[in-house]
Amino acid sequence: MTKDAVTPESILKHYWGFEEFRPLQKQIIEKTLNGEDVLALLPTGGGKSICFQIPALATNGICIVVSPLLALIKDQVENLVKNKINATAVISGMSKKQIDITLDNCIYGKVKFLYVSPERLKNDLFLERVQKMNINLLVVDEAHCISKWGYDFRPSYLQIFELRKLFKNVPVLALTATATKEVVKDIQEKLLFSKENIVQKSFERENISLVVRTKEDKQKQLFNIVKKVGGSGIVYAYSRRRTKEIATLLQKAGVSCDFYHAGLTISEREKKQAQWMKGTTQIIVSTNAFGMGIDKENVRFVIHWDLPDSLEAYYQEAGRGGRDGKKAYGVILSNKQDISELTDRVKKEFPDIDEIKRAYKAISNYLKIAIGSGEGVYYNFNLNEFCERFNFKPRGFFNCIKFIEREGYMTTNFSMKSLSKVMFIANKDQLYNFQVRNENYDNFIKTILRSYTAIFDDFVHIDEDELSKRSNISPKNVSFYLNHLHKKEIIHYVPSSKQPQICFVPFRKDVNDIKISKVNYLDRKKTALIQMNSVIDYVSNNQICRSQLLLKYFDEKKEKECGKCDICIDNLKALEKNNSSDLELTILNHLKKKRTTINDLENMIGGDKNQFVSVIQSLLDNNNIAYDSKDQLYVEK
């Protein structure tokens, strides 16, 4: 691209191949380029990333993106790099040397995007280094996490305030798909907006038909939907065990189906996701671990076997259907037991504070971390072994650790894949001398250099199995060679970590010093109960248009009913039935007075022709009326 051609449209065309922006994208980009603080509310699949990537590319400097989703950070960085855009990330599991090199590249190199988790903003070293960067834009993804009224409040997000104070003249773009009126106000206050500035697309997804099926036989309802709707689909279930049970039911019925949850190995999850994405698997049955960052266009239905925790979560998950603009269905299957299950589930999400403290102490003992030590170090964590040794149920433990993380005592990467990384730290002369003295390493080193670019400037992800094939060296020897080169300070090698990890953010504290704040516990519990009751009201409703009800929750007024949810369709059927009954009486009263041809009768009565023909046929079929020899209709006695 030449400098003369650098416009938002030319950047869009050059890097993404699109001719025009989606609704509101251009408006958000222009406001950002104008130096305004902006809160953008765009639905799931609305193209939020384009809204910050283009203004960042159009401006000198580096864009910092704060995101809580490690897997999504990884995907976005990889996608940018594939588009030949210089992007990097500072995330959990990186060594101090990796972080140091990454930040140096952001200060002195040509990096355009730096992705960070909110926990990183607590680090004084990071805040010190970031001040040396030429920041052109600060992006806060999943911005609802900064509000205590949001459905996924994360106290670590409050650290963004410190970053904002350092860069008062740098515009902020906050992005979210879901936010109530209170959350919208809270986000802007927490991020120190100079003035209220919201760009919002309607929360309505006009191509999605919202349905609640309140039948006891969920299995039958599920089979009916899969059979009638067809196409690709997602079924959400609350527990891992249930995902497998539902998938098995569908498989036995001859449906191409698989299950997915965070308890599977990384390779299993990747394989299952890839098969569903390319259509080999028709339906994926999953916990809410599946979907974030997934962009599959032709999903025809999203079914919730269990009640979602909030309408915000439901809106995001149901919104993964119909991204191609064609008709899709968002269905909740609900029976009498579900409401009590949801109530019990929400209650368990708030374990006793003593139980939370017990979890903190148990983790410390399991990892053998002494009080006052362990700060900033990532420890491999065997969840099953831990739960068995310290008498925790996995679900209960996760509920405990959420509060420990929210208070900023620990951070985890239970579902993050950590790939192996390599960087050459010896210069080219040192490397040449090593190869001359160690001929048996020569071919292996050349294979690495041929396989990966920019490996002298930054860490690159490597695949040991692929290196094994290319160098014709066994996987065991590849590992040995890499570790040996690391010891000789030829490379810096960070092996992959497929185990869950836990990091103490501050050093390990005495359990008596662990505090669970009111905002993280009592206020969060109050919000959770409000959200739970909104879900119960939604599924219990049998009168108000589902779209109107959902939009009202997000403070958006919709005058006209959607006409396609189960409530609207039932109301329409009832109206047609009443109209048909009235029409029957009108026809019978006319014919009782006088025999009439069907054409004359239709002209006298008027109205909808199809309905008239349907009622006439029904009366004939039931022998209420008949034709005489002159083709006139009369009432049978």
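Crowding of Gln543 atom CD: a count of heavy atoms from other residues, nucleotides or ligands under 6.0 Å not exceeding 12. Counting non-hydrogen atoms of neighbouring residues, nucleotides and ligands closer than 6.0 angstrom, the CD atom of Glu196 reaches no more than 12 such neighbours. Open room surrounds CD on Glu206; 12 or fewer heavy atoms of other groups in view lie less than 6.0 Å from it.
Evaluation of the side-chain hydrogen bond (donor to acceptor under 3.5 Å, both in side chains) rule for Thr32 yields no partner, not counting sequence neighbours. Remark: Tyr538 pairs with no residue by the side-chain hydrogen bond (donor to acceptor under 3.5 Å, both in side chains) rule, at least two apart or across chains. For Thr248, the side-chain hydrogen bond (donor to acceptor under 3.5 Å, both in side chains) test picks out no residue, with sequence neighbours left out. Evaluation of the ring pair (Phe, Tyr, Trp, His ring centres under 6.0 Å) rule for Phe259 yields His261 as partners, not counting sequence neighbours. In this structure Phe554 satisfies the ring pair (Phe, Tyr, Trp, His ring centres under 6.0 Å) test together with Phe203, Tyr315, sequence neighbours excluded.
Note on residues 617-633: pairs passing salt bridge (charged side-chain N to carboxylate O under 4.0 Å, His left out), not counting sequence neighbours, are Arg595-Asp628.
Both tests hold for Arg345 against Tyr238: distance to the six-membered ring centre under 6.0 Å, angle to the ring axis within 45°.
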Decide yes or no on salt bridge (Lys or Arg N to Asp or Glu O under 4.0 Å) for Lys48 and Asp141, but give the supporting numbers first.
CA-CA 9 Å; Lys48 292 190 285 292; Asp141 201 10; 5.9 Å; no

Checking Asn207 against Lys326 for the side chain to side chain donor-acceptor pair (under 3.5 Å) test, could you report, in this order, the C-alpha distance in whole Å, the side-chain angles of both residues, the deciding distance, and whether it holds?
CA-CA 6 Å; Asn207 62 315; Lys326 297 177 182 177; over 6 Å; no

Begin from the C-alpha positions of Thr343 and Ser340 and carry the test side chain to side chain donor-acceptor pair (under 3.5 Å) through to its verdict.
CA-CA 5 Å; Thr343 305; Ser340 61; over 6 Å; no

Passes side chain to side chain donor-acceptor pair (under 3.5 Å), Gln76 versus Tyr115? Steps please.
CA-CA 9 Å; Gln76 289 213 3; Tyr115 284 76; 2.6 Å; yes

Residues Tyr329, Ile208; criterion side-chain contact (heavy atoms from CB on, under 4.5 Å); working and verdict
CA-CA 5 Å; Tyr329 294 85; Ile208 297 182; over 6 Å; no

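The residues Glu78 and Lys82 are annotated as not salt-bridged, no charged nitrogen and carboxylate oxygen being separated by less than 4.0 angstrom. Salt bridge status for Lys552 with Glu556: absent, with no side-chain N to carboxylate O gap under 4.0 Å. The residues Glu559 and Lys557 are annotated as salt-bridged, a charged nitrogen and a carboxylate oxygen being separated by less than 4.0 angstrom.
Between His304 and Ile332, some side-chain heavy-atom pair lies under the 4.5 Å cut-off.
With Ile587 as the partner, the side chain to side chain contact (heavy atoms under 4.5 Å, CB included) test is satisfied by one option alone out of Leu619, Val635, Asn624: Leu619. Evaluated for a side chain to side chain contact (heavy atoms under 4.5 Å, CB included) with Leu12, the options Thr7, Ile54, Ile29 yield exactly one hit, Ile54.
Considering every non-hydrogen atom in both Glu36 and Asn34, the closest pair reads OE2-ND2, 3.1 Å.
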